[in-house]
Number of protein chains: 2
Amino acid sequence: MPTSLLEENDGTDASAKDVLSPDCPSRIVFGRIGERWTMFVILALEPGPMRFTALKARVGVITPKVLTETLRALEGDGLVSRRAFVESPPRVEYALTPLGRSLLEPIAAMRAWAEAHVPEVLESRDRALS
Amino acid sequence: MPTSLLEENDGTDASAKDVLSPDCPSRIVFGRIGERWTMFVILALEPGPMRFTALKARVGVITPKVLTETLRALEGDGLVSRRAFVESPPRVEYALTPLGRSLLEPIAAMRAWAEAHVPEVLESRDRALS
DNA sequence: GATACTGGTTACTTCAACGGAACCGATCTC
DNA sequence: GAGATCGGTTCCGTTGAAGTAACCAGTATC
């Protein structure tokens, strides 16, 4: 059983460390999707496999360095696959794995909430400034 | 209609800026929940109103400074409310607003995915290291 | 009269993400 | 032989979030 997100116990030091444990599933997931470019790359790959340059164009203003970093991280997490063809000029195709594709579902739920409620959030932010 | 998360157009410069627009709803939401402590605070408040010190104890190792910053940000977004009672010693109660409470739903979806699939992610990370 | 509790604030430091620009080897085109 | 394409890599600098530690006023308790 994974460690819990919050302490439900008596607050001894031993378990207090679990709160921030890198093994906490929610922390892992929210940490990854909180990174600036993760969402863009995953959503850009939704239609199907794509080459590096096409991906870069689709995401928009991302630099090649950051795109590479993001892709390596997602590959390491098993969310994205990388296929390099030995040709010249080189060709590399990135695609969502089934695991990565399954993540699209909760993302969609979060996006739906965002579309529905962000106007309220922005309104609240405006009020907070005044 | 809000700006889209990705470019579906011809890639002219004018619309390219919208991709990273601070008005993009998904960016706003994922930006906020990606921040390190947001999730802990929101989930800690799920049972009901809570005082600063109790909240701090429940979240675990968070410093008062960071907790204050997080609460102020959530308050500014209209997700958390703050009620100060003029007493001594001072008493302050924080609670989820209805808007904040509505966010618990997509968060639960994401947590469910996390609980179900993070073992695969960790396994993939282990493989990537070898 | 000293101590602790409450809900913070302030100043300083550290660290990782992110961005900019230049560069690479191999191949194909002009 | 000059330039473009592809998929990156390398170096350097900036920035903002987070952590550490000390401190505060007012009251109640010992």
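Quick caveat, the model's predicted, so the values are computed rather than measured.
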Just to confirm, is there a sub-4.0 Å distance from OP1 or OP2 of dC6(D) to any side-chain nitrogen or oxygen of Arg51(A)? no
Under 3.5 Å between N/O atoms: give me all the protein pairs with nucleotides 26-30 of chain D, atom names plus distance.
residue	atom	partner	partner atom	Å
dT27(D)	O4'	Ser88(B)	OG	3.1

Between atom OH in Tyr94(A) and atom C1' in dC6(D), what is the gap in whole Å? 11 Å
Looking at every non-hydrogen atom in both residues, tell me the closest pair between Ala128(A) and Gly76(B) and how far apart they are. CB-CA, 4.1 Å
Which pair of heavy atoms, one from Ala44(B) and one from Val59(B), lies closest together, and at what distance? CB-CG2, 4.0 Å
Closest approach of Arg58(A) and Leu43(A), non-hydrogen atoms and distance? NH2-O, 4.1 Å
How close or far is atom C1' of dG8(D) from atom CD of Glu93(A), stated in whole angstroms? 17 Å
Asp77(A)/Glu120(B) under side-chain contact (heavy atoms from CB on, under 4.5 Å): CA gap, chis, key distance, verdict: CA-CA 8 Å; Asp77(A) 286 356; Glu120(B) 300 173 57; over 6 Å; no
Thr63(A) has a side chain; which of dC6(D), dG19(C), dC18(C) sits nearest to it? dG19(C)
Euclidean distance, atom CG of residue Leu55(B) to atom P of dG8(C) [Å, nearest integer]: 10 Å
Does any non-hydrogen side-chain atom of Ile28(A) lie less than 4.5 Å from one of Arg125(B)? yes
Rounded distance [0.5 Å steps], CG in Leu96(A) versus OG in Ser81(A): 8.0 Å
Between the two end axes of the helix from dG1(C)-dC30(D) to dC30(C)-dG1(D), each built from 5 base pairs, what angle do you get to the nearest 10°? 10°
I'd like a table of donor-acceptor pairs (distance under 3.5 Å, sequence neighbours excluded) in which one partner is a side-chain atom from residues 61-75 of chain A, with atom names and distances.
residue	atom	partner	partner atom	Å
Thr63(A)	OG1	Val66(A)	N	3.4
Thr68(A)	OG1	Pro64(A)	O	2.8
Thr70(A)	OG1	Val66(A)	O	2.8

Using OP1 and OP2 only, check whether a side-chain N or O of Thr53(A) sits under 4.0 Å from dG7(D). yes
Restricting to pairs with a member in residues 98-109 of chain B, which pass side chain to side chain donor-acceptor pair (under 3.5 Å), not counting sequence neighbours? Trp113(A)-Ser102(B)
Grab the CZ-C1' distance between Arg36(B) and dG16(D) for me, whole Å please. 15 Å
Within residues 69-79 of chain B, the residues having a heavy atom closer than 4.0 Å to DNA chain C are Arg72(B)
Phosphate contact (dT27(C) OP1 or OP2) by Arg91(A) side-chain N/O below 4.0 Å: no
Specify the separation, in whole Å, of atom CD of Glu87(A) and atom P of dC28(C). 11 Å
Residues 84-95 of chain B, side-chain donor-acceptor partners within the protein, below 3.5 Å, at least two apart:
residue	atom	partner	partner atom	Å
Glu87(B)	OE1	Arg91(B)	NE	3.4
Glu87(B)	OE2	Arg91(B)	NH2	3.2
Arg91(B)	NH1	Glu93(B)	OE2	3.4
Tyr94(B)	OH	Arg82(B)	NE	3.2

From Leu79(B) CG over to Thr97(B) OG1, what is the distance, rounded to the nearest 0.5 angstrom? 5.5 Å
Under 4.0 angstrom between Arg82(B) side-chain N/O and dG7(C) OP1 or OP2: no
Looking only at N and O atoms, is any donor in the side chain of Lys65(A) or the base of dG8(D) less than 3.5 Å from an acceptor on the other one? no
Could you check whether Phe85(A) gets within reach of a base, just the sugar-phosphate, or nothing at all, counting any heavy atom under 4.0 Å? nothing
Rounding to a whole Å, what distance do you find between Leu67(B):CG and dG19(D):C1'? 14 Å
So do Arg32(B) and Val121(A) actually touch side chain to side chain, heavy atoms under 4.5 Å? no
Give the C-alpha distance, both sets of side-chain angles, the deciding distance and a yes or no for side-chain contact (heavy atoms from CB on, under 4.5 Å) between Met110(B) and Ile33(A). CA-CA 10 Å; Met110(B) 197 65 83; Ile33(A) 68 174; 3.8 Å; yes
Whole-Å gap separating C1' (dG8(C)) and CD1 (Ile62(B)): 13 Å
